[in-house]
There are 2 protein chains.
Amino acid sequence: MEMDERKTKILQAIIRNYLETGEPVGSRTISKDTDLNLSSATIRNEMADLEEMGYIIQPHTSAGRIPSDKGYRFYVDTLMEAKEREVADMKDMLLERQDKLEDMLKTVVKYLAKDTQYATMITAPTTHLNKLKFIQLSRVDANHLLAVVVIEGNMIRNRMIDVTEEIDDETMLKLNMLLNTQLNGLAIEQINLSMVAKLKQQAGIHSGVIGDVIDEVIETLSEDKDLEVYTSGTNNIFKYPELADNENASRLISAFEEKEILGDIIQPGDGSEETGIQVYIGGENKNSGMQDCSVVTATYDLGDGMKGTIGIVGPRRMDYDKVVGTLKSIKTKLDDLYRKE
Amino acid sequence: MEMDERKTKILQAIIRNYLETGEPVGSRTISKDTDLNLSSATIRNEMADLEEMGYIIQPHTSAGRIPSDKGYRFYVDTLMEAKEREVADMKDMLLERQDKLEDMLKTVVKYLAKDTQYATMITAPTTHLNKLKFIQLSRVDANHLLAVVVIEGNMIRNRMIDVTEEIDDETMLKLNMLLNTQLNGLAIEQINLSMVAKLKQQAGIHSGVIGDVIDEVIETLSEDKDLEVYTSGTNNIFKYPELADNENASRLISAFEEKEILGDIIQPGDGSEETGIQVYIGGENKNSGMQDCSVVTATYDLGDGMKGTIGIVGPRRMDYDKVVGTLKSIKTKLDDLYRKE
DNA sequence: TGTTAGCACTCCTTAACATTGAGTGCTAAC
DNA sequence: GTTAGCACTCAATGTTAAGGAGTGCTAACA
């Protein structure tokens, strides 16, 4: 048996209706809702076919049908009409300050949660490909140095370094010079052990303390800010009874708190490249706690290799059109953000 | 009618039992559980008295009794035996790094959630009383300056500043000098508008750009890091049926996400000064969403005016002994942390 | 051959009702 | 003052019946 136009139309009507009401939909409803002018009996025959083909499911013998994962998948891949939606302007969210990326991400994720009424999360952009722009070591007091590093995209990292013996001005100057000439322009990823060894060697006699300082500077660089994840609207899961039972809710809340969801979910190279948007429906999720959820992710790219991911988590009967549309718009705005400048 | 020793013993037994089981406790149970050697009938008479006095409540006529807020209050104030408990060492959590206070707070709050099985939150220490230790302005590229400020307690703040016209080396040097001599040693709180005006005046001719830069530096200082709140174990609320119904859970989760709970709850100067520990039982909470919760807070003090608050949120029938004990221990460890050095 | 009306059947949902049992309050005796 | 005894209350649980939405199947129809 195979899909024809009529079956497609009926399947679409079932899904549309179910997304709206959350109730299993019966043959009579479809008979009235579509422009096919078919009796409920005919619809019933078609529905039996669709069930046999695996697109819809009957919760129990005397109930209507609900879409299966395969049905949703068909809908998302071929029937959905995701329209770009008007969304708030990222520029406004940036508050004109480049270094407070963190604040913008929080604002975005909050905005998305409010707009979609689902739970949302966003990862900070990766920076391991970014190049060093500026390194500075300053003496704060007798036994504390402050290391500040700026990388491409104007992200700042810093660290207070304890030193056991005071370092004189001349050495500080030399050290700063050394760090800048050797490391500037390199991507964080490129810095390896042999480079560090070379650096230490060049730093010369004071190897004891200076070696430690260099180690700490390097560590500051490779600090994993990439994994930073912000979430919002977790309480939205209570709006959907199928997710709101205690066990499920507890699992989800916990997953959001641990912030490990996105890492678990995203499987690079699964066709999301073209649009940057990817949909995972119910059982398609690897994460066992999320088999009853659908997740839509978008990869944004601020340029210079700074990519991050936005995730929206809702029930299977998520409003895919709206969510995908919104994410597309947000993604576009984020992508344009740095590029235009 | 007034409390006598026997009533006290019975009340204590009722509360202890209820805290353990979560079920209303009947007269027969108390008759067997206590060493009073009284029949259930006698206990019933006493219970009727205790109810009249407002310490216990009968959910319905044929049920046992549960403690009222007043009962819990009596228990917490006079019957409880909070024993200091062995807790993880903060030193280990600090990972030997002074500037990563944030990481320590996250670790503490996570540890507490795991240890107590309640939802926990912690506020970062206030810093508005702290003194400036170090200010540095550096040129990152032609139109970006980097401002870095270190305050007492070695907390670091920074900001990237856009400048429209390039600032020459000499001016930078002068500006750094000026900022350090004028502001070092001052508490953040002390810096006011007239000081800023004076600063700008002293900075001289370049007033346009320089003025903006100074404004941004000042803003960096007063950035409200104080309000930073970390939470953990929110999913623990599902362990307590009285909190886990949808409406309640949603409200609580949302309150935790907004992180406004502690601010709402803490009422300074309500007797928590002696021990730094404060207990809010059920209806005693101002926040309307938390009328079914109990909250225990502890104020920690890292010295230099850096105070913060820890909060533990659970059901009314929280294990007060354990929670208060744990908080006392944690508080002591935190208080000692910086002081000893 | 596809479509449809009709009908028996399934099974979830809801309400009504009876049963059980924990726990109480009261009374009278100790 | 304490206690045994007893009638009473009421949430919880189980049972049964009625109602209804929706199906699958059959037979008639265009």
Side-chain angles (χ1 to χ4, degrees), chain A residues 1-11 13-18 20-68 71 241-242 245, chain B residues 1-11 13-18 20-68 71 241-242 245:
Chain A
M1 206 176 321
E2 60 184 42
M3 270 316 223
D4 54 23
E5 197 185 335
R6 200 168 74 173
K7 283 191 172 51
T8 304
K9 267 195 168 175
I10 291 171
L11 179 57
I14 292 172
I15 295 180
R16 285 265 160 79
N17 193 293
Y18 184 68
E20 237 180 74
T21 65
E23 298 286 312
V25 8
S27 51
R28 238 179 83 77
T29 312
I30 299 302
S31 166
K32 281 184 295 181
D33 271 18
T34 58
D35 52 0
L36 293 169
N37 275 321
L38 293 171
S39 75
S40 64
T42 311
I43 303 286
R44 272 204 291 285
N45 290 329
E46 294 287 40
M47 279 166 101
D49 289 351
L50 282 170
E51 182 163 11
E52 198 184 324
M53 292 158 77
Y55 291 106
I56 52 180
I57 292 170
Q58 214 172 2
H60 55 87
T61 40
S62 69
R65 305 301 211 291
I66 61 174
S68 67
E242 58 266 51
D245 69 293
Chain B
M1 206 175 322
E2 60 184 42
M3 269 317 223
D4 54 24
E5 198 187 334
R6 198 169 75 173
K7 283 191 172 51
T8 304
K9 267 195 168 174
I10 291 172
L11 179 58
I14 292 172
I15 295 181
R16 286 265 160 79
N17 193 293
Y18 184 68
E20 237 180 75
T21 65
E23 298 286 312
V25 9
S27 51
R28 236 178 83 78
T29 311
I30 300 301
S31 166
K32 283 183 295 183
D33 270 18
T34 58
D35 53 0
L36 293 168
N37 275 321
L38 293 171
S39 75
S40 63
T42 311
I43 303 288
R44 274 203 290 284
N45 290 330
E46 294 287 42
M47 280 167 102
D49 289 351
L50 283 169
E51 181 164 13
E52 198 183 325
M53 292 158 78
Y55 291 106
I56 51 180
I57 292 170
Q58 215 173 1
H60 56 88
T61 39
S62 69
R65 305 301 210 292
I66 62 174
S68 68
E242 58 266 51
D245 69 292

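Not measured: the values here are computed from a predicted model. Each chain gets a letter, A, B and so on, in the order its sequence line appears, and its residues count up from 1.
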Item to check | Among Asp4(B), Asp35(B), Asp33(B), salt bridge (charged side-chain N to carboxylate O under 4.0 Å, His left out) partner for Lys9(B) | outcome: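 Running salt bridge (charged side-chain N to carboxylate O under 4.0 Å, His left out) over Asp4(B), Asp35(B), Asp33(B) with Lys9(B) returns exactly one hit, Asp35(B).
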Item to check | Strand-adjacent residues in residues 48-57 of chain B, judged by heavy atoms under 4.0 Å from DNA chain D | outcome: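 Hits under 4.0 Å, by residue number: none.
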Counting only Watson-Crick pairs (N1-N3 plus N6-O4 or O6-N4) and G-U wobbles (N1-O2, O6-N3), all under 3.5 Å, who is the partner of [N]?
N	answer
dC17(C)	dG14(D)
dC30(C)	dG1(D)
dA27(D)	dT4(C)

Whole angstrom is fine here: how far is it from [atom1] in [X] over to [atom2] in [N]?
X	N	atom1	atom2	answer
Asp4(B)	dG1(D)	CG	P	11 Å
Arg28(B)	dG25(C)	CZ	C1'	17 Å
Met47(B)	dG25(C)	CE	C1'	13 Å
Ile66(B)	dA11(D)	CD1	C1'	14 Å
Gln58(B)	dT9(D)	CD	C1'	10 Å
Tyr18(A)	dG22(D)	OH	P	14 Å

Next on the checklist: Protein within reach of the bases, or only the backbone? For nucleotides 1-14 of chain C, mark each nucleotide 5' to 3' as B, S or -, using heavy atoms under 4.0 Å.
Outcome noted: --SBBB---BBS--
Checklist entry - How many angstroms lie between atom NZ of Lys7(B) and atom CG of Leu11(B), to the nearest 0.5 angstrom? => result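 Nearest 0.5 Å value for the NZ-CG distance: 11.0 Å.
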Item to check | Closest non-hydrogen atom pair, Tyr18(B) against Pro67(B) | outcome: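 Minimum heavy-atom separation between Tyr18(B) and Pro67(B): CD2-CD, 3.4 Å.
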Checklist entry - Is a side-chain donor or acceptor of Ser68(A) paired with a backbone partner of Gly54(A) at a separation under 3.5 angstrom? => result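 Yes; at least one donor-acceptor contact below 3.5 Å.
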Next on the checklist: Checking the side chain of Ser31(B) only, and the main-chain atoms of Ser27(B) only, is there a donor and an acceptor separated by less than 3.5 Å?
Outcome noted: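 Judged by distance alone, no pair lies under 3.5 Å.
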Item to check | Result of checking Asp49(B), Ile30(B), Ile56(B) against Ile10(B) for side-chain contact (heavy atoms from CB on, under 4.5 Å) | outcome: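 For Ile10(B), the side-chain contact (heavy atoms from CB on, under 4.5 Å) check succeeds only for Ile30(B).
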Next on the checklist: Exactly one of Glu46(A), Arg44(A), Arg6(A) should register a side-chain contact (heavy atoms from CB on, under 4.5 Å) with Leu38(A). Which one does?
Outcome noted: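 Among the candidates, only Arg6(A) passes.
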Checklist entry - Is atom CG of Asn37(A) surrounded by more than 12 heavy atoms (other residues, nucleotides or ligands) closer than 6.0 Å? => result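 Not buried by this count: 12 neighbours or fewer within 6.0 Å.
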Next on the checklist: Take a 6.0 Å sphere around CZ of Arg28(B) and say whether it holds more than 12 heavy atoms from other residues, nucleotides or ligands.
Outcome noted: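 Result for CZ/Arg28(B): open.
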Checklist entry - Within less than 4.0 Å of OP1 or OP2 of dT23(D), is there a side-chain N or O belonging to Arg65(A)? => result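 Checking Arg65(A) against dT23(D): at least one side-chain N or O falls below 4.0 Å of OP1 or OP2.
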